[in-house]
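Just below is one structure, and these are the notes that go with it.
Proteins get letters first, then strands, A, B, ... in listed order; numbering begins at 1 in each.
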Amino acid sequence: MENSGSAKLSKMAMAARPAPYLDALNPPQREAVEALDGPVLVLAGAGTGKTRALTTRVAHLLNTGRAWPSQILAVTFTNKAAREMRQRVGELVGGAVEGMPWLGTFHALCVKILRAHAELVGLQSNFTILDTDDQIRLIRQLIQAANIDDKRWPARMLAGFIDRWKNRGLTPDKVPAAEAAQFANAGAELYAQYQQRLKTLNAVDFGDLLLHVTGIFQHHPDVLEKYQTRFRYILVDEYQDTNTVQYLWLRLLAQGHRNLCVVGDDDQSIYGWRGAEVGNILRFEKDFPGARVIRLEQNYRSTPHILAAADGVISRNGARLGKTLWTEADAGEKLRLIGHWDGEEEARWIGEEIEAMQQGTRGNPPVPADGIAILVRASFQMRAFEDRFLTIGLPYRVIGGPRFYERAEIRDAMAYFRVVTTPEDGLAFERIVNTPKRGLGEKAVQEINRKARDTGLPMLEAARALVAEGGLTARARKSLATVVADFDRWRAALKAGADHVRLAEQILDESGYTAMWKNDRSPDAPGRLENLKELVKALEGFENLQGFLEHVALVMENEQEDGAPKVSIMTLHAAKGLEFPAVFLPGWEDGLFPSQRSMDENGVKGLEEERRLAYVGITRAQEYCTISFAANRAMYGRWQSAIPSRFIDELPKEHVEVLTPPGLYGGGHGAAAPAGGMTTMPGIMRGSDLEERAARASVYNSPGWARMQARRQQYGVSQPREARNLVIDAEAVSRFATGDRVFHQKFGYGAIAAIEGDKLTVEFEKAGTKRVVASYVTAADEVPF
DNA sequence: GTCTGCGAGGTTTTT
DNA sequence: CCTCGCAGAC
C-alpha cells in the first residue's frame with residue numbers, strides 16, 4: 001500500500017514547481033539537504049542552521065516523492081526538539097502532508113514499537129512506564145528482600161548501575177562479572193530480579209524502552225525487517241548525544257538501505273556522564289563506510305569575537321572532528337572578563353549590568369530582559385542571583401529545576417488515577433495508601449504486600465481481602481476499608497462513563513488529598529495546590545485518564561509562562577540549543593568550572609567535556625558575552641577561596657576585554673594567578689562595593705525601580721497570573737501595613753516587620769528575615785485556594 | 001504510627 | 001548553610 005502510494009506521490013511532486021526552499025540555504029546546507037541516499041554525517045557547529053538543514057531535508061524527501069511521511073524516521077532527544085521539527089517541517093511543506101507518525105524522541109518511538117510487539121518480551125501492550133521514583137522503590141524492596149543492607153548499598157546506586165547497563169545495551173546475563181560485583185557482589189542477580197519484577201507488574205522503565213526494542217530487533221529478524229522496510233530514510237538530531245543502545249538501535253534499522261543521516265556537533269557533547277558516547281559521532285565514517293561528511297561552518301548567531309573566543313577554548317581539546325566557524329557579522333564587542341571579591345558581589349554586579357543593558361545606558365541599544373541569560377555550571381549557583389534579583393525587583397525565571405510531573409503532589413495525584421484506571425498497579429497503590437496519613441504505616445503496607453504475594457491478587461484486592469478477614473488492627477482495618485470503598489466508588493464512576501476531569505477533582509477531594517495540602521503550613525503548600533489545579537486543567541485536553549497518564553509519563557513539561565520578559569537563569573546543560581543577545585557566564589573558577597568532580601572521576605575526558613560545556617556557554621551569545629569569577633565563594637556555608645578557571649587562560653587575549661583593574665592576574669587574564677590566590681583583590685573590589693551602595697541609597701532613583709514601574713504598566717493587568725500574584729499599582733503597595741501576614745513565592749509565609757517605599761522587611765516563618773520588593777508578596781489571604 | 005532532633009552530604013538531567 | 005533521611009522518643 002505504501003509503495004504504490006509513493007509512486008503516485010512521486011508523480012505529484014514532479015509536477016510541482018522546483019523547490020523554492022532550497023534557495024534559502026547556503027551551499028553546505030543545501031548539500032546536506034540534497035544528499036538523500038546513503039550515510040551522511042552533518043557536522044553542524046553552533047548556530048550554523050542545523051535545524052533548518054534538518055527540517056528542509058525532511059521537506060525535500062517529501063517533496064521529491066522519495067518517501068511518504070510515514071516512511072521517514074526522525075529521531076530527537078527531547079520532546080521540545082521533536083515539536084519544533086514537526087512544526088517547521090509543517091511550515092515548509094504546508095498543510096499538504098499530515099504530520100509524520102515516526103517523528104519523535106527515541107523513547108516515544110520505542111514505546112510505539114514496543115506496544116506493537118510487547119508479547120515478544122513478555123509484556124502486555126498496555127504496559128506502564130515507571131519513573132525514577134517507582135524504579136527506586138522497587139529496587140529498594142529487592143535489595144531488602146535479598147538481605148542486603150540498603151544503607152551500605154543504596155537503591156539509588158543500583159538504579160544508577162542498572163541504568164548505565166541499559167544504556168550500554170546490556171541485559172542481566174551480559175553484565176561483566178567484575179562490574180556486577182561492584183554492587184554488594186550481587187549486581188547481576190538483582191538486575192535480573194528487577195527485570196522479572198517489572199515483567200510481573202507489566203511495567204518498563206525508561207531504559208527498557210530502548211533495550212527491549214533493540215532486543216526484539218536482534219532476536220526477531222522478521223520484525224526488524226518490517227521496520228527496515230518501513231523506514232526508508234532515517235534522520236537523527238544531536239547524534240553526539242546518543243548512547244550505545246541508541247546507536248545499536250539505529251544501526252539495526254539502517255543496516256539495509258543505509259539511508260541514515262545524522263546531525264550533530266562533537267564539540268557540543270556534554271552528556272557523557274549519562275551515557276552519551278562521543279565516540280559514536282567520531283566513529284561514524286568507520287561505522288558507515290562511504291559516508292558523506294558535510295560541515296556546516298557558517299555561523300548566523302554570534303559576532304566574530306565571540307566565535308574566536310569559543311574557538312580558542314575548544315581548540316585545546318584533542319579528539320575532535322574539527323570545524324572552524326566563520327561569520328559575515330560585524331566584529332561586535334569583545335568578550336568581557338571580570339573578577340569579583342565574592343559570589344554575592346558577582347551577583348550584584350551582574351544585576352547592575354543587566355539593568356544598564358535593559359536601559360541601554362551602557363552605550364548600546366537596549367537589550368530586553370528575555371534577551372539576557374545567566375548560565376551557570378551548577379544549580380546551587382542560581383541562588384545568589386535569585387536572591388539578588390528578588391531584592392532589586394528584576395524579573396527572572398529559572399529554567400530547568402524539578403519537572404512538573406516529578407513533583408510529589410503530581411506524582412501522588414497520578415498514583416490515585418493509576419490505581420483507579422489499573423488496580424494492578426501495586427506501586428501506585430503503595431504510594432498513596434497512607435497519603436494523606438490514614439494510620440496505614442509500614443506495617444500495614446507490609447501486610448497488604450504479603451497478602452498480595454500469597455494470594456496472587458493485586459494490592460487493592462489483597463487489601464479488600466485483608467479487611468474482610470479482619471486482618472490488621474481494628475483502626476487500620478477501618479481506615480483501609482474506607483480506602484477500598486473510595487476506590488470502588490471512583491472505579492464505578494469511571495466505568496459509568498463519568499467525565500474524567502470531574503472524576504479527578506472528585507478523587508483529589510474525597511481522598512482528602514487536597515485538604516492535606518490546604519492544612520499544610522509549609523511555604524510551598526500553596527504552590528503545590530496551584531500545581532494540582534494545573535494538573536486537573538491539563539486533563540481537559542485528553543479523552544480519558546488513561547491517555548493522560550501515558551502522556552505524562554513521556555512528555556509532560558512544566559511550562560507556565562506568563563509572557564512578561566524575564567532574564568533567564570539556567571545551567572549550561574539546559575542552555576544547549578538556545579541563544580541570547582547577551583549572556584553572562586559567572587563562576588569560572590577552577591574546581592567549580594571545570595568541576596573538580598568531573599576531573600577527578602574522568603580525568604582528561606572529564607576536563608574535555610567541561611571544556612565543551614564552556615564552548616556551549618560562549619556560543620549561546622549573539623552580541624555580548626561576559627565571563628566572571630569570584631575570589632571567594634560561600635559553598636555549603638563555608639568560605640572557599642578559588643583561583644580563576646583554567647578556561648579563562650584559554651580565552652584568546654585579543655578577543656577579550658578585561659574589566660578588572662590590571663595587576664590583578666599577574667600575566668595574561670589569569671595565566672599566572674599570583675601564588676596565594678587573588679589576595680590583591682579585597683581593596684579593589686571593596687571600592688566598587690561602596691560605590692554600588694551609594695548609588696543604590698535611594699531605591700526610587702535606581703534603574704531597577706524605574707524598570708519595575710514601567711513593567712507594571714505594561715504587563716500588570718493583562719497578565720492574569722501576574723495580576724493575581726503581584727501588587728500591580730502604586731496604591732496597592734500602601735495597603736500593606738506592619739504586622740500583615742503575607743506570602744512570598746520563594747520564602748513562604750511571614751509577617752511584615754517594616755516598610756520602606758516598595759521594600760518590605762518580612763520575618764518569614766521558614767526563611768528568616770528578608771528584605772523583599774512589595775510586588776513579590778501577596779496578602780496571605782489571597783494565596784490560591 | 002507519627003513527630004522531633006541530629007548527622008551526613010550536597011554536579012550536570014532527558015526520557 | 002540547608003536539606004534530606006534516619007534513629008529515637010512520644
When you check the phosphate oxygens OP1 and OP2 of B:dT15, does a side-chain N or O of A:N167 lie under 4.0 Å from one of them?
no
What is the ring orientation for A:H573 with A:W273, classed by angle as parallel under 30°, tilted 30 to 60°, or perpendicular over 60°?
perpendicular
Side-chain N or O of A:T571 versus OP1/OP2 of B:dT11: is the shortest distance under 4.0 Å?
no
If each of A:Q596 and A:V445 is mapped to the nucleotide of DNA chain B with the nearest heavy atom, which maps nearer the 5' terminus, i.e. the 5' end?
A:V445
Tell me the interatomic distance from A:E610, atom CD, to B:dT11, atom C1', rounded to whole angstroms.
8 Å
Distance in angstrom units between A:E589 CD and B:dT11 C1', rounded
15 Å
Are A:E447 and A:R450 ion-paired here, with the side-chain N under 4.0 Å from a carboxylate O?
yes
Go through the N and O atoms of the side chain of A:R377 and the base of B:dT11, and report whether any donor-acceptor pair is under 3.5 Å.
no
If you measure from the Lys or Arg side-chain nitrogens to the Asp or Glu carboxylate oxygens, is any gap between A:E609 and A:R612 under 4.0 Å?
yes
Round to a whole Å and report the spacing from CG of A:L480 to C1' of B:dG1.
15 Å
Looking at B:dT13 and A:Y271: do their rings stack (centroid distance under 5.5 Å, interplanar angle under 30°)?
no
Over how many whole Å does the gap from A:R633 atom CZ to C:dC1 atom P extend?
17 Å
Is the phosphate of B:dG1 approached by A:N434 (side-chain N or O, under 4.0 Å from OP1 or OP2)?
no
A:H573 has a side chain; which of B:dT11, B:dT15, B:dT13 sits nearest to it?
B:dT13
Should A:I643 and A:E589 be marked as a side chain to side chain contact (heavy atoms under 4.5 Å, CB included) after you check the CA-CA gap, both sets of side-chain angles, and the distance that decides it?
CA-CA 6 Å; A:I643 58 167; A:E589 294 129 43; over 6 Å; no
So A:Q381, base contact, sugar-phosphate only, or nothing? Heavy-atom distance under 4.0 Å.
nothing
Nearest whole angstrom, please: distance from the C1' of B:dT11 to the CZ of A:R611.
18 Å
Taking all non-hydrogen atoms of both residues into account, name the closest pair between A:M459 and A:I448 and its distance.
O-CG2, 3.7 Å
Here the distance between atom C1' of B:dT11 and atom CH2 of A:W588, to the nearest Å, is 17 Å
By nearest atom, which of the nucleotides B:dT11, B:dT15, B:dT13 is closest to the A:A378 side chain?
B:dT11
Across the strands shown, which category fits A:T105 at heavy-atom distances under 4.0 angstrom: base, sugar-phosphate, nothing?
sugar-phosphate
Taking all atoms of both residues into account, what is the closest heavy-atom pair of A:L535 and A:A413, and its distance?
CD2-CB, 3.5 Å
From B:dT13, B:dT12, B:dG1, pick the nucleotide closest to the side chain of A:A444?
B:dG1
Of the candidate nucleotides C:dC2, B:dT11, B:dT13, which contains the atom at the shortest distance from the side chain of A:W273?
B:dT13
Whole angstrom is fine here: how far is it from CZ in A:F593 over to P in B:dT12?
13 Å
From the list B:dT13, B:dT12, B:dT11, which nucleotide is the closest neighbour of the side chain of A:S379?
B:dT12
Nearest-nucleotide check on DNA chain B, A:F380 vs A:K443; residue mapping nearer the 5' end is A:K443
Spacing of the P atoms in C:dT3 and B:dT12 (rounded, Å):
15 Å
Inter-nucleotide P distance (B:dT11, C:dC4), Å rounded:
13 Å
When we call it a touch if two heavy atoms are under 4.0 Å apart, what does A:F77 touch: a base, just sugar-phosphate, or nothing?
sugar-phosphate
N/O (side chain, A:S598) to phosphate O (OP1/OP2, B:dT12) under 4.0 Å:
no
Ion pair present between A:K50 and A:D237, side-chain N to carboxylate O less than 4.0 angstrom?
yes
Nearest whole angstrom, please: distance from the P of B:dT12 to the CG of A:N602.
15 Å
A:R597 side-chain proximity, nearest of B:dT2, B:dT11, B:dT15
B:dT11
B:dT12 glycosidic conformation (syn if within 90° of 0, otherwise anti) is anti
